[in-house]
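Heads up: the structure comes next, in structure tokens.
The first residue of the sequence shown is numbered 1, and numbering continues consecutively from there.
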Amino acid sequence: MHSKLTTVPIKSFTGRELVELGVLVSSVDKNIQQKGTIFQFATEDCESYVISVQIKNGEKFESSLKMSELLVLQEKEQIDLVVVEHKFVVNVSAIIYFLNKQFVVQCEINRASQRRVPSSLDLHDPNGFI
């Protein structure tokens with residue numbers, strides 16, 4: 001029996017919110033204003049993340065991040081990382097904290113719900129001892 005994978009809800013934030021959280025450091029392209037820019041974060045497994053960005057003029061950009069790669073950068077003490085088609089700079093430690101805070105609890109709930117819990121029917125002992 002195949003169980004349907006439960007996905008984690010997409011989270012949306014404005015550029016301003018991400019700046020206030022310390023996640024977004026700056027826009028590389030000075031023509032892109034953080035005001036009116038929407039960032040959406042999505043994941044199914046809390047290892048791979050997709051970041052979709054829609055800027056005020058309607059342009060859309062997308063990129064992906066892997067938690068394992070972010071952790072390596074953090075271990076190497078890299079402070080900033082350019083993401084989303086080289087348009088934005090994020091703080092490595094802050095984005096790790098942010099992604100964990102936003103998604104890890106839901107991912108753990110999904111993993112737990114996907115584990116098959118044996119029912120009382122599965123415990124049938126042919127010798128009648130259970």
Which donor-acceptor pairs under 3.5 Å do side chains of residues 57-71 form with protein atoms, sequence neighbours excluded?
{"from": "N57", "atom 1": "OD1", "to": "E59", "atom 2": "N", "distance (Å)": "2.9"}
{"from": "N57", "atom 1": "ND2", "to": "E59", "atom 2": "OE2", "distance (Å)": "2.9"}
{"from": "E62", "atom 1": "OE1", "to": "S52", "atom 2": "OG", "distance (Å)": "3.2"}
{"from": "S63", "atom 1": "OG", "to": "V84", "atom 2": "N", "distance (Å)": "3.2"}
{"from": "K66", "atom 1": "NZ", "to": "S48", "atom 2": "OG", "distance (Å)": "2.9"}
{"from": "S68", "atom 1": "OG", "to": "E47", "atom 2": "OE2", "distance (Å)": "2.8"}

- request: Scan V82, V53, V25 and name whichever one has a side-chain contact (heavy atoms from CB on, under 4.5 Å) with F88.
  value: V53
- request: In sequence, state the C-alpha distance, the side-chain angles, and the governing distance for Q78 and L81, and then conclude on side chain to side chain contact (heavy atoms under 4.5 Å, CB included).
  value: CA-CA 8 Å; Q78 183 170 329; L81 176 66; 4.1 Å; yes
Any residue meeting side-chain contact (heavy atoms from CB on, under 4.5 Å) with V72, in chain and number order, not counting sequence neighbours: K76
query: At what distance, to the nearest 0.5 angstrom, does CZ of F13 lie from CZ of F39?
result: 11.5 Å
message: Main chain of D45, side chain of T43: is a donor-acceptor contact present, judged purely on distance under 3.5 Å?
response: yes
query: Which atom names give the shortest non-hydrogen contact between V28 and H86, and what distance separates them?
result: CB-O, 3.6 Å
Disulfide bond (SG atoms under 2.5 Å apart) contacts touching residues 69-113 (sequence neighbours left out): C46-C107
message: side chain to side chain contact (heavy atoms under 4.5 Å, CB included) for N91 and V23? Distances and angles first, verdict last.
response: CA-CA 5 Å; N91 177 284; V23 173; over 6 Å; no
field: Residues in side-chain hydrogen bond (donor to acceptor under 3.5 Å, both in side chains) contact with Q40, at least two apart in sequence or another chain
entry: S12
message: Quick check for you: to the nearest 0.5 Å, what is the distance between E108 atom CD and F103 atom CZ?
response: 14.5 Å
Could you list the donor-acceptor pairs under 3.5 angstrom formed between side-chain atoms of residues 93-100 and any protein atom two or more places apart in sequence or on another chain?
{"from": "S93", "atom 1": "OG", "to": "Q74", "atom 2": "NE2", "distance (Å)": "3.1"}
{"from": "N100", "atom 1": "ND2", "to": "I96", "atom 2": "O", "distance (Å)": "3.3"}

